[in-house]
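Worksheet: the structure to be examined is printed underneath.
Note on naming: letters A, B, ... go to the chains in the order of the sequence lines (proteins, then strands), and numbering restarts at 1 for each one.
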Number of protein chains: 2
Amino acid sequence: MTEELPITTSEWEVMRIIWTLGEATSNDVIQLLVKKRQWKASTVKTLIGRLMQKNMLTAQKNGHTNLYQCTVSEKHAMEKEATRLFKNMCAMKNGQVLVQLINELQLSQTDIQNLQSVLVEKQKTAPEMVACNCIPKEEVEQ
Amino acid sequence: MTEELPITTSEWEVMRIIWTLGEATSNDVIQLLVKKRQWKASTVKTLIGRLMQKNMLTAQKNGHTNLYQCTVSEKHAMEKEATRLFKNMCAMKNGQVLVQLINELQLSQTDIQNLQSVLVEKQKTAPEMVACNCIPKEEVEQ
DNA sequence: AATTAAAGATTACATTTGTAAACTAAAATT
DNA sequence: AATTTTAGTTTACAAATGTAATCTTTAATT
């Protein structure tokens with residue numbers, strides 16, 4: 001039951017590279033992040049170490065160099081983060097936030113079609129209103 | 001130019017209450033969070049203090065008691081958080097994450113209609129593909 | 001073989017965050 | 001007026017995070 005701790009913003013940078021490369025050496029990651037974020041090599045090494053402890057990365061030895069791989073998919077990790085965020089915010093306003101996100105994010109034709117399908121389904125059973133859940137029940141004055 | 005620092009998860013709990021009540025005394029917030037999160041009164045006081053420093057709350061004295069108000073709207077803060085999150089994740093997969101969010105979140109009929117409108121607009125100019133932006137340009141192998 | 005370079009491991013250290021106790025001043029009660 | 005309660009302020013302290021230097025071991029070069 002290897003628990004997944006939350007990963008921090010800096011750690012995300014490392015994960016994104018390894019997700020995209022499929023697998024990578026510390027040096028691969030260092031090269032890219034030195035360029036992208038101006039981090040020192042040892043900063044990147046620290047982050048890789050922490051991700052290993054958090055079981056987000058596994059390593060396989062190749063000579064005295066490690067080849068790192070991610071233990072969860074990028075999509076899964078992204079969904080988990082997004083879900084965590086929305087669950088911590090006002091349920092009543094989630095819809096409006098999604099509208100704004102869709103407005104400002106780049107989406108492909110396929111993405112849009114998928115979103116439309118889900119919405120059509122969702123529509124069949126959607127309620128008229130979603131209640132605010134910012135305050136524990138019987139405390140909402142009204 | 002009062003800069004808005006990011007607000008933490010614990011601080012969000014406080015903000016949500018004041019957003020919902022419109023304005024509140026520390027005692028209002030304490031009552032609710034002692035119940036909801038089992039925090040001690042002084043924990044809540046600390047959080048209110050930090051939110052004041054971050055200019056997320058203002059207070060107006062009423063006797064020796066403060067009435068706290070939020071300096072930004074809940075919707076604005078939510079949008080900012082959501083945007084920050086998505087900007088830090090793979091652009092290519094954002095669409096899929098939105099699909100999953102829409103699937104699992106509660107949305108009202110109105111929300112759904114608004115989402116549908118935005119999508120129809122978006123569709124007119126959407127590209128076939130959105131490129132992965134996890135790795136700085138010319139480094140993407142392929 | 002001796003020297004240098006590279007990869008990983010260990011240690012460092014300031015800031016932020018979660019969580020709270022202690023202190024102080026004003027207000028309410030006795 | 002004296003005492004108790006309350007609201008706000010200050011201090012506390014461990015864990016997490018951002019950022020890195022140093023040390024150690026192994027591999028590559030001279």
Side-chain angles (χ1 to χ4, degrees), chain A residues 3-18 21 23-69 77 80-81 84-85 87-88, chain B residues 3-18 21 23-69 77 81 84-85 88:
Chain A
E3 194 43 52
E4 293 156 34
L5 302 184
I7 54 189
T8 71
T9 343
S10 299
E11 289 164 1
W12 264 89
E13 294 279 5
V14 172
M15 292 302 288
R16 288 181 68 180
I17 288 175
I18 307 180
L21 297 180
E23 57 184 17
T25 63
S26 63
N27 194 46
D28 295 336
V29 182
I30 288 170
Q31 292 311 307
L32 291 167
L33 288 180
V34 163
K35 179 170 308 178
K36 185 180 183 196
R37 298 282 313 259
Q38 291 77 52
W39 284 339
K40 297 296 186 287
S42 54
T43 299
V44 179
K45 290 179 187 179
T46 299
L47 294 173
I48 291 177
R50 289 182 185 167
L51 287 166
M52 291 285 293
Q53 292 178 230
K54 292 183 182 181
N55 295 304
M56 293 302 293
L57 292 178
T58 44
Q60 62 188 66
K61 270 240 156 350
N62 180 345
H64 87 129
T65 296
N66 283 338
L67 247 193
Y68 297 98
Q69 284 145 341
K80 205 174 151 195
E81 264 312 288
R84 190 198 45 68
L85 182 72
K87 297 287 187 197
N88 286 327
Chain B
E3 193 45 51
E4 294 156 33
L5 302 184
I7 53 189
T8 72
T9 343
S10 297
E11 288 163 2
W12 264 89
E13 295 279 5
V14 173
M15 292 300 290
R16 289 181 68 182
I17 288 175
I18 306 180
L21 297 182
E23 58 184 17
T25 64
S26 64
N27 193 45
D28 294 336
V29 182
I30 288 170
Q31 292 311 307
L32 290 167
L33 287 180
V34 162
K35 179 169 309 177
K36 184 179 182 196
R37 299 282 313 261
Q38 289 76 53
W39 284 338
K40 298 295 187 289
S42 53
T43 298
V44 178
K45 290 180 186 179
T46 300
L47 294 173
I48 291 176
R50 289 181 185 167
L51 287 166
M52 291 284 294
Q53 290 179 232
K54 292 183 181 180
N55 295 304
M56 293 301 294
L57 292 178
T58 44
Q60 61 188 68
K61 272 240 157 347
N62 181 344
H64 87 131
T65 296
N66 283 338
L67 247 194
Y68 297 98
Q69 285 146 338
E81 264 311 289
R84 191 199 46 67
L85 182 73
N88 285 327

- request: Answer yes or no: is there an ion pair linking B:Glu13 with B:Lys36, defined by an N-O contact shorter than 4.0 Å?
  value: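 The answer is yes: the pair qualifies as a salt bridge.
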Counting only side-chain nitrogens and oxygens, does [X] get under 4.0 Å of the OP1 or OP2 atom of [N]?
| X | N | answer |
| --- | --- | --- |
| A:Thr8 | D:dG18 | yes |
| A:Thr65 | D:dA27 | no |
| B:Ser26 | D:dG8 | yes |
| A:Tyr68 | C:dA7 | no |
| B:Thr43 | C:dA20 | yes |
| B:Ser10 | C:dT19 | yes |

message: When you compare the side chain of B:Glu81 with that of B:Arg84, does any pair of heavy atoms fall below 4.5 Å?
response: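 A side-chain contact under 4.5 Å exists here.
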- request: Give the rounded distance in Å between these two atoms: NZ of B:Lys61 and C1' of C:dA27.
  value: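 So the NZ-C1' distance, B:Lys61 to C:dA27, works out to 13 Å.
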- prompt: Between B:Ile30 (CD1) and D:dT9 (P), how many Å, whole number?
  reply: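 Atom CD1 in B:Ile30 sits about 12 Å away from atom P in D:dT9.
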Counting the atoms with a prime plus P, OP1 and OP2 as sugar-phosphate, which does [X] contact under 4.0 Å by heavy atoms, base, sugar-phosphate, or nothing?
| X | answer |
| --- | --- |
| B:Lys45 | base |
| A:Thr46 | base |
| A:Ser42 | base |

- prompt: When you measure from the side chain of A:Trp39, which nucleotide among C:dT19, D:dA20, C:dA6 comes out closest?
  reply: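 Given the options C:dT19, D:dA20, C:dA6, the side chain of A:Trp39 is closest to D:dA20.
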message: Quick one about B:Asp28 and B:Thr25 (side-chain donor to acceptor, distance below 3.5 Å, no hydrogens or angles considered), yes or no?
response: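 Distance-only check passes for B:Thr25 and B:Asp28.
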